[in-house]
S.K.: 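Can you read through this structure? Questions will come right after.
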Amino acid sequence: MTLAVVPENPRLPVSADPRDRGGPMQPMLLVEDLKKHFPIKGSLFSPSRAVVKAVDGVSFEVAKGETLGIVGESGCGKSTTARLLMHLIQPDAGTIVFDGDPVGVVRGIPVDELQRNMQMVFQDSYASLNPRLPIADSIAFGPKSHGLPKSEARERARDLLGMVGLNPRLFAERYPHELSGGQRQRVNIARALAMHPRLVILDESVSALDKSVEAQVLNLLVSLKDRLSLTYLFISHDLNVVQYVSDRVMVMYLGRVAEIGPVERLYEAPQHPYTRALLSSRPSMDPRRRVSVPPLSGDPPNPVNPPSGCRFRTRCPLAEAVCAEIEPPLAALPAFPAHKVACHAVAAASGHSGTAVPV
Amino acid sequence: MAVPHPRPDPAADAGPAAAAATAPFVSVRDLTVRFVSRDADVKVINGVSFDVLKGEVLCLLGESGSGKSVTMRTLIRLLPPTARLGGTVTIDGIDVLGLPRNDLKRLRGSLAAMIFQEPMTALDPVFTIGQQIGEALVEQKGMSWADARARALQLLELVQIPSARRRLDNYPHELSGGLRQRAMIALALSLSPKLLLADEPTTALDATVQIQVLLLLRELQKELGMATVFVTHDLGVAAEIADRIGVMYAGRLVELGAVAEIMDAPRHPYTEGLMRSTVHAGMRGKVLDAIPGAPPDLADLPPGCAFAPRCRSVREHCLAVEPAAETVGPGRIVRCLRHGDDPAYAASAPLAIG
């Protein structure tokens, strides 16, 4: 990118950051066996409680300076994962390690410091801004409450507005309702950057925007990432957008990771039957080669009572007896260690007759 | 309410070749819609004309605020009382805008039915699916409840709802998003409409469900031979379902033509920009060629072409003159001065956008 700030030593771009603690090889984020189960309250007459296993044993890592895309359908747990990472809701189990420091434990980093280093941009640009605050005040709010003097916080807010492409002289004193959707989302991005975070979670941040504006905001996100050496966690249901921004992609299904791998590999040689179905569900963009058979039938099942064994087996064309009995572990492909799949049909000696041969 | 307007003869408008046999099923001419309140007069639709033939799918494509949904709702006059309509809308020979309010019942449901984006808000939460479909049949067709239930079952099977008999007694909240949308399609089809109006029916659905519903709609539309107007903001969806596409911007139809022609060779700078900026495979690492700026405020439209402030081919002339609809090929209409033979465009100075 042309906007990149050239560090002194181009071979070590990330460790030029004074906040870097673990060194370039230490993942920015290491998530191990993250779980969140929401109990559904029974009524007076049926006290039996059901549990929604929204996130059920999710492990992944995000390297410094990369963009990890998370895709999946509604109810797959992608947004819950984001909220758990931010500690907007408390995880039931699992560990989160931020740049080598475990979060929320003795000798680790406390949650409020994590939240300073990790910021989030939401889907609904209007609901996430205070309608009674001029946007510059909204952006300055975080730094101010963390002890920055008021004038400096406002100065920073104006700089950030300029950085996201909104002229501070024209926009600083406006209220959220006076801006268009794309402009409001730029404000939300500026506010997320106000704490100088190292990791930004973008939860469907461009999904509500019009196509012509979406492209502008995507360009902005890509250039900001280079300029500020950010790491992104990019959550979206739009597979084309995820392909555009991500270095690696994680596919989730009903609270579990189905597949994770480098973006080119995952889009060219998807291994999990769900990933394949998801990719071929994309409209063809060519009226002469229309999709003729739906790749999957039915909706994603209810996460309250997920199927036994592999959760995808009820919609899977390759399902066999073993899939109902044993939950497939997320295992690396022997030929591509960076590409991990949770599917019996792909794993060797899983008991599945193995119609899908790893490429 | 409506401004008096000379009614053009649709056959004369479409040219002598389009005689009575292929007369369009829906014909919209110079449609204008204003929303008037005490302190505002917003021109939402500014002269839209198009036809829909029997058995044809016309996609209205546009961003939020482009007027695509309002145009569609005008076809069955599903607009708030502040709306002021002008122009003509004819469906199967019926003058829709001239119809007395009490006669709209004749139009809605049996002649033209609509599918909405959010089935959870469009369906009544306190009645079962079977009751809601049955009610339409009992009220409008005079069926007995037993017959209506049998017909409702057929309809649920038609839209491929699994274990349809059980689903008849389900409430909307008991169904998944995809099934709910199918139930709404069944409800829309219950009175065998000749015109189906679909307002972003797959936008709220997951990718794997969206393609199922799109394929179902395409199948049903072919099978039942319905004329269909389909509103979407998604080029990919339009490419999957449309026969023709009408691109809307700021309350005007800026480009109209067959789907393959528009996708292959867009003529309006807005359509071009939309295609260029839509993210698809193989764009990794490239800077997206976005359209600058934002859609205009309809309450304060600029003079001349509404797209001029964002347009790459803008010239001084565009700021002064509003482009008329030019026919640039068979069934191909573009509203852009670049395509007219107006010497003033060629002569005026190119402007830099921003």
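Below, read A as the first sequence line, B as the second, and so on, with proteins coming before strands; counting in each chain starts at 1.
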S.K.: Side chain from CB out, backbone as N, CA, C, O: work out which of these in B:Leu215 comes under 4.5 Å of a heavy atom of chain A, or both, or neither.
M.R.: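 For B:Leu215, side-chain heavy atoms alone lie under 4.5 Å from chain A.
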
S.K.: Which bit of A:Glu214 is near chain B, if near means a heavy-atom gap under 4.5 Å: side chain, backbone, both or neither?
M.R.: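 Side chain only.
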
S.K.: So which residue, A:Gly182, A:Ala215, A:Ser180, ends up with the most heavy-atom pairs under 4.5 Å with chain B?
M.R.: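 Of the candidates given, the most pairs with chain B belong to A:Ala215.
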
S.K.: Mind running salt bridge (charged side-chain N to carboxylate O under 4.0 Å, His left out) on A:Asp299 and B:Arg180 for me, showing each step along the way?
M.R.: CA-CA 11 Å; A:Asp299 292 56; B:Arg180 232 180 268 147; over 6 Å; no

S.K.: Chain B: which of A:Ser284, A:Ser246, A:Pro287, A:Pro294 shares the most heavy-atom pairs with it under 4.5 Å?
M.R.: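 The answer is A:Pro287.
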
S.K.: Is there a side-chain contact between B:Val209 and A:Pro300 (heavy atoms, below 4.5 Å)?
M.R.: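 Yes, at least one pair of side-chain atoms sits under 4.5 Å.
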
S.K.: Let me confirm one number: the CD-CG distance from A:Gln216 to B:Leu288, rounded to the nearest 0.5 Å.
M.R.: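 CG of B:Leu288 is found 10.5 Å from CD of A:Gln216.
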
S.K.: Please look at B:Ser176 and chain A and tell me whether the side chain, the backbone, both or neither of the residue comes under 4.5 angstrom of a heavy atom of that chain.
M.R.: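 Contact with chain A: backbone and side chain both.
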
S.K.: Nearest 0.5 Å, what's the OG1-CG distance between B:Thr208 and A:Leu279?
M.R.: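 Answer rounded to 0.5 Å: 12.0 Å.
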
S.K.: Would you indicate whether B:Asp264, at its atom CG, is surrounded by more than 12 heavy atoms from other residues, nucleotides or ligands within a distance under 6.0 Å?
M.R.: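 Yes, enclosed.
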
S.K.: Would you confirm whether A:Glu73, through its side chain, and B:Ala207, through its main-chain N or O, come within 3.5 Å as a donor-acceptor pair?
M.R.: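 Pair absent, no side-chain N/O of A:Glu73 close to backbone of B:Ala207.
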
S.K.: Counting heavy-atom pairs under 4.5 Å with chain B, which one of A:Val241, A:Leu278, A:Val291, A:Asn240 comes out on top?
M.R.: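 It is A:Val291.
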
S.K.: CD1 of B:Ile211 to CZ of A:Arg290: how many Å apart, nearest 0.5 Å?
M.R.: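 Here the interatomic distance stands at 10.5 Å.
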
S.K.: Out of B:Pro295, B:Ala290, B:Ala238, B:Gly177, return the one with the most heavy atom pairs under 4.5 angstrom to chain A.
M.R.: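 The answer is B:Ala290.
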
S.K.: Search all heavy atoms of B:Arg218 against all heavy atoms of A:Ser292 and return the closest pair with its distance.
M.R.: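 Nearest heavy atoms, B:Arg218 then A:Ser292: NH2-CA, 4.2 Å.
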
S.K.: To the nearest 0.5 Å, what is the distance between OH on A:Tyr244 and NZ on B:Lys286?
M.R.: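 One gets 9.5 Å once the value is rounded to the nearest 0.5 Å.
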
S.K.: Which one wins on heavy-atom pair count under 4.5 Å against chain A: B:Gln160, B:Met263, B:Glu240, B:Glu219?
M.R.: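 The answer is B:Glu240.
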
S.K.: Look at B:Gly62, B:Ala294, B:Gly273, B:Gly293 and state which one has the largest set of heavy-atom pairs under 4.5 Å with chain A.
M.R.: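 Highest number of heavy-atom pairs under 4.5 Å: B:Gly293.
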
S.K.: Does any backbone or side-chain atom of A:Val263 lie under 4.5 Å from a heavy atom of chain B? Answer side chain, backbone, both or neither.
M.R.: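 Answer is side chain: those atoms of A:Val263 sit under 4.5 Å from chain B.
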
S.K.: Please determine, by modelled atom types, if A:Ser212 and B:Glu63 share a side-chain donor-acceptor pair under 3.5 angstrom.
M.R.: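 A pair is found: one side chain offers a donor N or O, the other an acceptor, under 3.5 Å apart.
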
S.K.: Distance check, rounded to the nearest 0.5 Å: A:Leu218 atom CG versus B:Met283 atom CE?
M.R.: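 Here the rounded value is 10.0 Å.
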
S.K.: Please check: side-chain N/O of A:Asn219 versus main-chain N/O of B:Val287, any donor-acceptor pairing under 3.5 Å?
M.R.: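 No, the answer is negative, given that no donor and acceptor are paired below the 3.5 Å cut-off.
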
S.K.: Looking at every heavy atom in both B:Arg284 and A:Val245, which two are closest together, and how far apart are they?
M.R.: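 Heavy atoms of B:Arg284 and A:Val245 come nearest at NH1-C, 3.9 Å.
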
S.K.: Below 4.5 Å from any heavy atom of chain A, which atoms of B:Ile241 appear? Answer side chain, backbone, both or neither.
M.R.: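 The backbone, not the side chain.
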
S.K.: Examine the side chains of A:Ser297 and B:Gln212 and answer whether a donor and an acceptor come within less than 3.5 Å of each other.
M.R.: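 No donor-acceptor contact under 3.5 Å links the two side chains.
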
S.K.: Please evaluate residues B:Gln210 and A:Ser281 with respect to the criterion side chain to side chain donor-acceptor pair (under 3.5 Å), reporting the C-alpha separation (whole Å), side-chain torsions for both, the decisive distance (0.1 Å), and the verdict.
M.R.: CA-CA 8 Å; B:Gln210 160 168 300; A:Ser281 296; over 6 Å; no

S.K.: Could you please spell out the steps behind the side chain to side chain contact (heavy atoms under 4.5 Å, CB included) verdict for B:Thr278 and A:Met285?
M.R.: CA-CA 10 Å; B:Thr278 298; A:Met285 292 299 276; 4.1 Å; yes

S.K.: Out of curiosity, A:Lys211 NZ to B:Met275 CE, how far, rounded to the nearest 0.5 Å?
M.R.: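 Reported value, rounded in 0.5 Å steps: 13.0 Å.
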
